[in-house]
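Heads up: the structure comes next, in structure tokens.
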Amino acid sequence: MHTKLLMNVSAAVMAVIGVAATFAPQEMLERSGAHAGFPAVLLVQILGAVYLGFAMLNWMARENLIGGIYSRPVGLGNFFHFAIAGVALLKMVLNGSGRNAAIVMAAVIYSALAIWFAAIVFTHPTAKTKSAE
């Protein structure tokens, strides 16, 4: 498994979402059809900070053996994030309330990253799985 590539991709996805949520929360809420009032804007900005923090964590850990015991928490955190959000997005797509292209694309990306992290976290790591070099 190419953990360096996985960490780069997940860091990029989270950074894009984090920057958008931090600097354009009203636009994100309006585009989703939600009311862009004060509490919702604040929550989206806080969520953006979480995404940027997670993106930085993934970027800084990209050289580590993610399936190993020292970086296992990083891998598990990423797996749970992508798996839970992926299931929520897939549920939204399947029940018909999230049929727009952005929701479908997010569901596909999140599900793919959840499967990739599951493959890394729940298999035994070897030294050659460290990077895609």
Hey, mind stepping through Leu47 and Leu43 against side chain to side chain contact (heavy atoms under 4.5 Å, CB included) and telling me if it holds?
CA-CA 6 Å; Leu47 184 63; Leu43 285 174; over 6 Å; no
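Ile120 CD1 to Trp116 CH2: the interatomic distance, rounded to the nearest 0.5 Å, is 8.0 Å. Taken from OG in Ser10 to CH2 in Trp59, the straight-line distance is 10.5 Å, to the nearest 0.5 Å.
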Listed pairs under 3.5 Å, donor-acceptor, residues 71-81 side chains, sequence neighbours left out:
residue	atom	partner	partner atom	Å
Ser71	OG	Asn64	ND2	3.4
Arg72	NH1	Val121	O	2.9
Asn78	OD1	Asn58	ND2	2.9
Asn78	ND2	Asn58	OD1	2.8
Asn78	ND2	Val74	O	2.8
His81	NE2	Tyr110	OH	3.3

Could you pull out all donor-acceptor pairs under 3.5 Å where a side-chain atom in residues 82-90 meets a protein atom, sequence neighbours excluded?
none

Going by atom type alone, with no hydrogens or angles, which donor-acceptor pairs under 3.5 Å involve a side-chain atom of residues 13-36 and a protein atom two or more places apart or on another chain?
residue	atom	partner	partner atom	Å
Thr22	OG1	Gly18	O	2.7
Ser32	OG	Met28	O	3.4
Ser32	OG	Leu29	O	2.8

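Residues Val9 and Leu5 are in side-chain contact: their nearest non-hydrogen atoms beyond the backbone lie under 4.5 Å apart.
Note on Phe54: it does not cluster hydrophobically with Val44, by side-chain heavy-atom contacts below 4.5 Å among ILVMFWY residues. Clustering ILVMFWY residues whenever any of their side-chain heavy atoms sit less than 4.5 angstrom apart, transitively, puts Leu52 in a cluster other than the one holding Ile109. Hydrophobic cluster membership differs between Ile115 and Phe117, with clusters built from Ile, Leu, Val, Met, Phe, Trp and Tyr side chains linked at under 4.5 angstrom.
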